Amino acid sequence: MFGRLGAPEIILILVVVVLVFGSKKLPDMARSLGKSARILKSEAKAMRSEGQNNASAPADPPADAQTPRTIKAAPGDTTSRPVNEPGDRTTQH
């Protein structure tokens with residue numbers, strides 16, 4: 001029923017995509033898709049390494065640990081923010 005896609009069919013599909021989404025939006029969509037793929041890849045890698053570290057790491061960190069945990073939004077993001085956990089003794093005003 002459906003045959004292989006040849007060059008004319010692929011060109012027709014690309015023309016339809018450009019007409020539907022517009023040529024100005026396509027680079028933004030591709031950039032957004034790339035960022036999403038990088039974030040997904042880094043999160044999957046972090047989950048795998050976290051699973052391996054949990055098997056060999058102690059259950060509780062030492063009580064005298066003073067470094068706050070931080071969250072990074074994306075692999076290329078240079079900003080980070082501290083995480084306020086319920087057990088934190090530090091308060092920010």
Side-chain angles (χ1 to χ4, degrees):
M1 184 172 201
F2 294 104
R4 289 186 164 191
L5 290 178
E9 290 86 4
I10 292 175
I11 292 172
L12 180 64
I13 291 171
L14 290 175
V15 168
V16 169
V17 167
V18 169
L19 289 175
V20 169
F21 292 109
S23 61
K24 291 185 179 185
K25 286 188 178 182
L26 287 177
D28 292 335
M29 289 173 55
R31 192 174 302 115
S32 175
L33 183 64
K35 283 182 182 180
S36 298
R38 279 195 305 270
I39 291 171
L40 180 65
K41 183 179 176 183
S42 68
E43 290 297 323
K45 187 176 181 180
M47 287 177 64
R48 268 188 258 122
S49 67
E50 184 177 294
Q52 291 173 354
N53 289 343
N54 282 346
S56 63
D60 292 325
D64 62 343
Q66 295 295 325
T67 55
R69 292 178 45 193
T70 59
I71 293 177
K72 279 193 164 186
D77 192 8
T78 58
T79 60
S80 60
R81 58 186 171 85
V83 177
N84 291 328
E85 296 181 5
D88 271 349
R89 290 184 214 134
T90 59
T91 57
Q92 296 178 354
H93 295 278

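The residues of the chain are indexed from 1 along the displayed sequence. This structure is a prediction, so every number in the text was calculated from the model and none was measured.
Residues R38 and K35 meet the side-chain proximity criterion, which asks for heavy atoms closer than 4.5 Å.
Just one residue in the list V17, I13, L19 forms a side-chain contact (heavy atoms from CB on, under 4.5 Å) with V15, and that residue is L19.
F21 and L33 are not part of a single hydrophobic cluster, where members link through side-chain heavy atoms under 4.5 Å apart.
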Report task. Would you sort out whether D28 and K25 count as a salt bridge (Lys or Arg N to Asp or Glu O under 4.0 Å), showing the intermediate values? Result -> CA-CA 5 Å; D28 292 335; K25 286 188 178 182; over 6 Å; no

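Annotation: the span from E50 atom CD to E43 atom CD amounts to 9.5 Å, rounded to 0.5 Å. Taking CG of L5 as the start and CG of L12 as the end, the distance is 10.5 Å to the nearest 0.5 Å.
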